[in-house]
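When reading the values below, keep in mind they use all heavy atoms of this one structure, side chains included, and skip hydrogens, waters and symmetry mates. Start at 1 and go down the list; that is how both ligands and their atoms are numbered.
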Amino acid sequence: MKKLIFAANWKMHKSPSESRSFVKEVRSTCPESVHAQIILFPSSPCLEAVAESCKGSQIRYGSQNCHFEAQGAFTGEVSPRVVKELGAQVGLVGHSERRTLFGESNELIAQKVAALQKLEMTPMLCIGESLKQREENLTNDVLRDQLFECLRLADLRLPLIVAYEPVWAIGTGKVATPAQVADAHLECRKILAQIGSEDAAQKIPVLYGGSVKADNAKELGSLPNVDGFLIGGASLVVESFKAITAT
Ligand code: PGA
């Protein structure tokens with residue numbers, strides 16, 4: 001059976017103490033064999049609490065955003081170097097909320113992906129179409145543009161994760177159908193092979209995100225090109241997160 005990745009995007013939820021209790025509960029109730037499949041993305045002020053709580057376990061964690069420079073005069077930004085020192089191995093990049101609410105462009109995202117790879121961290125690059133783009137039959141074009149542009153400076157032989165998250169499914173309760181997910185993931189795999197190589201494309205995990213819950217995770221997780229999930233709302237409560245990891 002394939003080992004899925006279960007990534008939790010907590011967005012701007014949870015305090016340090018709430019983050020600690022979550023990790024503690026996951027560690028004591030989730031089978032240890034599943035820990036290595038878990039990646040937590042707490043908000044930046046909670047990273048240290050998560051780092052301490054994850055010590056001695058195989059649970060990985062990372063930041064939800066970072067700057068492309070390691071340091072400098074960038075008030076309010078998150079340094080990937082600092083996050084790495086806290087033990088983060090992964091960095092979420094290009095989430096649709098960063099793109100739409102904070103104006104992040106593919107060009108900026110490309111620089112962040114490269115910065116993380118330079119620090120030997122794993123970028124988790126989020127891509128996905130809006131409802132309008134899907135209705136206009138532009139999904140594949142959007143995936144192509146986002147992947148080509150955001151991976152312009154990346155080395156596809158280095159660790160990299162892609163998360164396909166249709167914008168219309170994020171936080172809406174509207175999950176993409178298995179056929180839509182299967183098509184989009186196959187398309188991502190083909191595009192990744194064109195950017196890198198067939199071999200590199202096969203090794204890059206492609207996750208699905210957008211209203212993932214225990215009751216849809218089983219079917220979606222069994223699709224051939226789905227290597228795991230990026231989970232928002234359902235990752236906030238240990239019970240629902242655990243139920244997804246048990247699929
Ligand atoms: P959701 O969020 O699971 O609440 O739809 C997913 C995400 O934003 O990554």
- Item | Rounded distance [0.5 Å steps], CG in Leu220 versus CG in Leu207 | 12.5 Å
- Message: Rounded to the nearest 0.5 Å, what separates atom CZ in Phe6 from atom OG in Ser235?
- Response: 13.0 Å
- Item | Phe22 and Phe241 aromatic ring geometry - parallel, tilted or perpendicular at 30°/60° bounds | tilted
- Would you say Ser211's side chain and Ala169's backbone share a donor-acceptor pair under 3.5 angstrom? yes
- Output the distance between atom CD (Glu52) and atom CZ (Arg20), rounded to the nearest 0.5 Å. 6.0 Å
- For the residue pair Tyr208 and Tyr164, does the interplanar ring angle fall in the parallel (under 30°), tilted (30 to 60°) or perpendicular (over 60°) class? tilted
- Item | Per-ligand residue contacts, ligand 1, heavy-atom threshold under 4.0 Å | Asn9, Lys11, His95, Glu165, Ala169, Ile170, Gly171, Gly210, Ser211, Leu230, Ile231, Gly232, Gly233
